[in-house]
J.: 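This is the structure, below, for whatever I ask next.
Chain letters run A, B, ... following the sequence lines, proteins first and then strands; every chain starts at 1. For the numbers below, each heavy atom of this structure counts, side chains included, while hydrogens, waters and symmetry mates do not. It should be emphasised that the depicted structure is a prediction, and the values quoted were computed from it without experimental measurement.
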Amino acid sequence: MIAVDFETYYSRAHTVSDHGPWAYAHHPDTDIYMVSVRGEGMDYVGDAAAFNWPTLAGKDLVSHNAAFDATVYQAGVTRKMFPAFTPRSWSCSADLAAYCGLPRALADATEAAFGEKVSKLMRNWMSGKRWADAVAKGKDKELLAYARRDSELCLKLWTEHAPLWPAHERRLSAHTRALIWRGVNIDTDGLKAGMDTLRAAKDAAAQGIPWAAGGEAVLSLAVLRNYCRTVGVPAPASMAKDSEECVQWEDQYSEQFPFIRAIRDYRRVNMLLRKFEGIERRVREDGTMPVNLKYWGAHTGRWSGDAGVNLQNLPRGEMYGANLRPLLRPTPGKVFVIVDLSQIEPRVLSWLADDMGMLSALRAGMPLYEAHARATMGWTGGKLKDQNPDLYRLAKARVLGLGYGCGAGKFKSVAQAMAGLVLGEDECDKVVRAWRRTNPDITAYWRALDHQLAGASTRRNDFLYALPSGREMRWTRPGPDPEDPHRMIAGTVKNGPRSGTWGGKLCENVVQAVARDVFADALLRLEAAGLPVIWHVHDEVIIEVDTASGAEALAETIRILSTPPEWATHLPLAAEGSVENAYTK
DNA sequence: AGGATTAGCGCC
DNA sequence: AAAGGGCGCTAATCCT
């Protein structure tokens, strides 16, 4: 294994996060001035263009953030700095670190793994400077040593931890990089039109905010409070959209004071506009945008968004006259096949908690929310969704909201957000009590997790929990909360912060992790079946195929996603989807 | 001044 | 006894 680490020019105004890694690496200002290559007898640090690249042909390479280093290398080839060569593999030690429960950043990962604290001062000093500046200031030796040390740490991290990283997870990490480079086609005309609409909406919102023209921070809560005082209106403690107090405040005063609505409009429209702009900056010459997903972005193993544009939280419909999702389109002559795992988390929860009643209903093909209503809400009629839509929505809210221990207060907002239900305080309390009484398998599962956490805490061990896939989840340093010894805290990353942890929360983490493993297993089978995944969002895949094979690909994708992994043969899964000419939902 | 944190908001 | 969770990004603010 050979570690490869590039050093490239950056400054305050020229960063990876502004452009995204691809555009940054290919930008003419990005001077690729140094590379460090270590391992298998190689120990090179110096001018990247002077390195004998073909010696790496057929070799196994590793970089810390391989998506970045491999992109920089590609940019160097495009700019005729380097000759093209093909390594056998190019792995990512940052992905490995994340899998192992270490922090992602190299300095933090090595500190957590080896207790070695390394300084990033040299790297910071290089902000806005090039190789010639380092030479002129007599810092060249230090810079070379810094780059050499980083590749050494990357190699050490790999050598000591890679044996813990299973082959299927390595394939998922590599698959994620393939998605990044493959990218998604963007309707750039639609993007521009949307931005015009949003800019107009933003200007309109700013017109309605009295202090906006004066140059004061438009969204500042402090400025808002001041203004409220001058016009004699009370000010809310928070402007959060789901804060009860704030909702009432808005209801009461927004007629009389239009600036109240304008603040919220301004914030939301501006965030959406920034998202459009971020996508526009990342579109490549061929009209595609790299799909920046981060392997193991969450400690549950889920992927997260990355690199400036998060494809996992695109708005689902039109906002302020602009609709972003449909601007992600198949390349001409192709279609999207979009399929998701139906109610994957409640299915996994029933399976983990051995809720036999629910499991047999699901195996018989009954819709999940209806099965819940029959088992615990007294429904004895026919198809619930058609015959009693209100009860169906309540069943959905109960299933999605109550499986992880939330109380009445939280359920109130969960029910509204997930099922559009407006329930009273007392009603929520009753629902929570009744749900817990009639779902003893799940509440027993919370208690079992609570008990195991307490056991690990007593033994002063990390809390380890074996998942059905064979991987082990880890919560670090469990123990009583110093501020409230009746509560427990634990961490999710080695050396990371600890936070409140109890059975319901552990249950949620485990369910999310198992659902992720189910989905990840299907991703590899999709790729093996030759179905090219363009990107994915937790339980949803977007595949691009020739228009003519859309229907066939849809059936095959649904079949693959509905088939459980080998380690979960009795988990009842379902998947649904459609063939589309743009991203939707 | 620049990095870190918080508040708010989008999604699953 | 009670307690939903997981993310990333922008703007504002805090902190060094």
J.: Holding to ring pair (Phe, Tyr, Trp, His ring centres under 6.0 Å), I want the full list of residues that pass it with Tyr320(A), two or more places apart in sequence or in another chain.
T.: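 Tyr320(A): no ring pair (Phe, Tyr, Trp, His ring centres under 6.0 Å) contacts found.
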J.: Would you please test Gln343(A) and Tyr369(A) for side-chain hydrogen bond (donor to acceptor under 3.5 Å, both in side chains) and show each step?
T.: CA-CA 9 Å; Gln343(A) 313 98 19; Tyr369(A) 305 131; 4.9 Å; no
J.: Arg264(A) CZ to dC9(B) C1': how many Å, rounded?
T.: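 Result: 9 Å.
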J.: I'd like to compare against my own output: the B/S/- annotation of nucleotides 9-14 of chain C with a strict under-4.0 Å heavy-atom distance to protein.
T.: BSSSS-
J.: Rounded to whole angstroms, how far apart are CH2 on Trp535(A) and P on dC12(B)?
T.: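 Computing the Trp535(A):CH2 to dC12(B):P distance gives 12 Å.
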J.: Where each residue is assigned the nucleotide of DNA chain C containing its nearest heavy atom, which of Cys406(A) and Trp303(A) is assigned the position nearer the 5′ end?
T.: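 It is Cys406(A) whose nearest nucleotide is closer to the 5' end.
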J.: Examine Tyr24(A) together with His14(A) and report whether their ring centres are nearer than 6.0 Å.
T.: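 Yes; His14(A) has its ring centre under 6.0 Å from that of Tyr24(A).
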J.: Are any of Ser304(A)'s side-chain N or O atoms less than 4.0 Å away from OP1 or OP2 of dG8(C)?
T.: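 Looking at the OP1 and OP2 atoms of dG8(C), one of them is under 4.0 Å from a side-chain N or O of Ser304(A).
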J.: When you measure from the side chain of Thr300(A), which nucleotide among dC12(B), dG4(C), dG6(C) comes out closest?
T.: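 Selected nucleotide: dG6(C).
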J.: Glu280(A): what forms a salt bridge (Lys or Arg N to Asp or Glu O under 4.0 Å) with it, not counting sequence neighbours?
T.: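 So Glu280(A) forms a salt bridge (Lys or Arg N to Asp or Glu O under 4.0 Å) with Lys192(A).
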J.: Can you measure Leu293(A) atom CG to dC11(B) atom C1' for me and round it to whole angstrom units?
T.: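 Whole-Å distance recorded here is 13 Å.
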J.: Is the NZ or CZ atom of Lys139(A) both under 6.0 Å from the centre of the six-membered ring of Trp125(A) and within 45° of that ring's axis?
T.: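 Yes, Lys139(A) sits over the ring of Trp125(A).
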J.: With sugar-phosphate meaning primed atoms plus P, OP1 and OP2, does His299(A) contact a base, only sugar-phosphate, or nothing at under 4.0 Å between heavy atoms?
T.: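 If one applies the 4.0 Å heavy-atom cut-off, His299(A) turns out to touch the sugar-phosphate alone, with no base involved.
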J.: Just checking Arg487(A): base, sugar-phosphate only, or nothing, at a heavy-atom cut-off of under 4.0 Å?
T.: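 Since a base atom lies under 4.0 Å of Arg487(A), the category is base.
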J.: Which heavy atom of Ala94(A) sits nearest a heavy atom of Asn65(A), and at what distance?
T.: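 That closest heavy-atom pairing would be CB-OD1, 3.3 Å.
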J.: Using a cut-off of strictly less than 4.0 Å, decide whether Arg316(A) has a side-chain nitrogen or oxygen near OP1 or OP2 of dG10(B).
T.: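 No, Arg316(A) has no side-chain N/O under 4.0 Å of OP1/OP2 on dG10(B).
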J.: Tell me what Arg325(A) touches on the nucleic acid: a base, only sugar-phosphate, or nothing, going by heavy atoms under 4.0 Å.
T.: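 Arg325(A): backbone/sugar contact only, no base atoms under 4.0 Å.
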J.: Once you round it to whole Å, what is the distance between P of dG8(C) and CD of Glu277(A)?
T.: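 Rounding to the nearest Å, CD of Glu277(A) and P of dG8(C) are 22 Å apart.
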J.: At 4.0 Å (heavy atoms only), tell me whether Gly407(A) reaches a base, stays on the sugar-phosphate, or touches nothing.
T.: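 Sugar-phosphate contact only.
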J.: Under 3.5 Å, is there any donor-acceptor pair linking the side chain of Arg267(A) to the base of dC9(B)?
T.: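 Under the 3.5 Å cut-off, the side chain and the base do not form any donor-acceptor pair.
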J.: Side chain of Asn509(A): nearest nucleotide among dA1(C), dC12(B), dG6(C)?
T.: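 Of all the options, the side chain of Asn509(A) is nearest to dG6(C).
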J.: Mind checking what makes salt bridge (Lys or Arg N to Asp or Glu O under 4.0 Å) contact with Asp521(A), not counting sequence neighbours?
T.: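 With sequence neighbours excluded, Asp521(A) shows a salt bridge (Lys or Arg N to Asp or Glu O under 4.0 Å) to Arg525(A), given in chain and number order.
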J.: Nearest-Å distance, CG (Asp481(A)) to C1' (dA3(C))?
T.: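 Answer to the nearest Å: 12 Å.
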J.: Is the distance between the ring centroids of Trp22(A) and Phe68(A) under 6.0 Å?
T.: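 Not close enough - the centres of the two rings lie 6.0 Å or further apart.
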J.: Report the residues that fulfil side chain to side chain contact (heavy atoms under 4.5 Å, CB included) with Leu524(A), sequence neighbours left out, ordered by chain and then residue number.
T.: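 Applying side chain to side chain contact (heavy atoms under 4.5 Å, CB included) to Leu524(A) gives His168(A), Arg171(A), Leu172(A).
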J.: Rounding to an integer number of Å, can you tell me how far Arg447(A) CZ sits from dA1(C) P?
T.: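 That distance rounds to 11 Å.
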J.: Are Lys202(A) and Asp265(A) close enough for a salt bridge, meaning some N to O gap below 4.0 Å?
T.: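 Looking at Asp265(A) together with Lys202(A), the answer is no, because their closest N to O distance does not fall below 4.0 Å.
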J.: Quick check on DNA chain C: between Arg436(A) and Gln312(A), whose nearest nucleotide comes earlier from the 5' end?
T.: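 Result: Arg436(A).
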J.: Mind calculating the distance between CG (Leu400(A)) and C1' (dC11(B)) to the nearest angstrom?
T.: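 Taking CG of Leu400(A) and C1' of dC11(B), I get 14 Å after rounding.
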J.: Rounded to the nearest Å, what distance is computed from the CZ atom of residue Arg347(A) to the C1' atom of nucleotide dC12(B)?
T.: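 Between C1' of dC12(B) and CZ of Arg347(A): 16 Å.
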J.: May I ask whether Trp502(A) stacks on the base of dA3(C), given the cut-offs of 5.5 Å between ring centres and 30° between planes?
T.: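 So yes, this residue stacks on that base, both cut-offs being met.
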J.: Any base atoms under 4.0 Å from Lys505(A), or only sugar-phosphate, or nothing? Heavy atoms, all strands.
T.: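 Lys505(A): backbone/sugar contact only, no base atoms under 4.0 Å.
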J.: Do other residues, nucleotides or ligands put more than 12 heavy atoms under 6.0 Å from the CZ atom of Arg433(A)?
T.: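 Atom CZ in Arg433(A) is not crowded, with 12 or fewer foreign heavy atoms closer than 6.0 Å.
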J.: Bend angle of the helix from dA1(B)-dT16(C) to dC12(B)-dG5(C) from five-pair axes at both ends, rounded to 10°?
T.: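 The value is 10°.
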